[in-house]
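Counting starts at 1 for both ligands and their atoms, following the listed order.
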Amino acid sequence: MIQVFRPSMGQEEIDAVAEVIRSGWIGLGPKTAQFETEFAQYVGADHAVGVNSCTAALDLAIKLLGVNHGHEVIVPTMTFVSTAHVVAYNLATPVFADVDPRTLAIDLDDVRRKITARTRAIIPVHYSGRPVDLDALKEVAGGIPIIEDCAHATGARYRGRHVGSIGDIGCFSFHAVKNLAMGDGGALCVNNAQWAQRAKRLRWLGIDKGTWDRTSADKAYWWQ
Ligand SMILES: Cc1ncc(COP(=O)(O)O)c(C=O)c1O
């Protein structure tokens, strides 16, 4: 067996988790907000919204674009199932475009063939951290929104820019087997403040003020 990688968890991570547990703030709170700020800076996006998985981020991305019944979204044939599932969750049709057998990136000629009047988004996957040629894809897309599936690609750069900041929306996974690993986790990156706000509302059942903001001035968890 060849072990590709294993998560690197040292004393720093153990201390950080212990600090959170001691604080009593184990839900959506200040650490999530800090992570969102720092991750957005790292990726070079204006906003990052933390969620529990890349699947949730992709689902929110589809919702932000208003994709629904009667619409089509182009996804690659080689990916994890959730790239296509999120399209179906939202009653739209996933349309599969082939991948380049050498790079596993979505095949731009096939994308061109699959675009119809109903196409509302394209989801390229940066497979195994290898960036798709986003400039060329944008040209083929001709203004159709691009949702970057960066589940494998935290840390990957395309022409000097971090992936996830180049298309319209970037979706990341921090699942245990990903290159930035936690138990489960994900983030959505956007440069659009309204989308970021809407994603924050949608991640929590439409509530527009987080528990941290709603809690008493001394910011102790309001257990009462
Ligand atoms: C390409 C791709 N997209 C999306 C996902 C979903 O990520 P998550 O497990 O965080 O929902 C995965 C997970 O393996 C993936 O490989």
Indicate yes or no: does an N/O atom of T79 lie under 3.5 Å from an N/O atom of ligand 1? no
Go through the steps to decide whether V95 and T119 satisfy the test side-chain contact (heavy atoms from CB on, under 4.5 Å), and finish with yes or no. CA-CA 9 Å; V95 174; T119 309; over 6 Å; no
If you measure every N/O of K178 against every N/O of ligand 1, is any gap under 3.5 Å? yes
If I apply the N/O under 3.5 Å rule, does H175 come out as touching ligand 1? no
I'd like to know whether ligand 1 has G186 as a neighbour, heavy-atom separation below 4.0 Å. no
Hey, does V125 come in under 3.5 Å of ligand 1, counting only N/O atoms on both sides? no
Which of the atoms of ligand 1 are close to T83, meaning less than 4.0 Å from one of its heavy atoms? 3 (N)
How does S53 reach ligand 1, if at all, at less than 4.0 Å between non-hydrogen atoms: by side chain, backbone, both, or neither? both
With nothing but distance in play, are any N or O atoms of T55 less than 3.5 Å from an N or O of ligand 1? yes
Can you tell me how the ring of F39 sits relative to the ring of Y42, calling it parallel under 30°, perpendicular over 60° and tilted otherwise? tilted
Gap separating the CZ atom of R157 from the NE2 atom of H162, nearest 0.5 angstrom: 6.0 Å
Do D135 and K138 meet the salt-bridge criterion of a basic N to acidic O distance under 4.0 Å? no
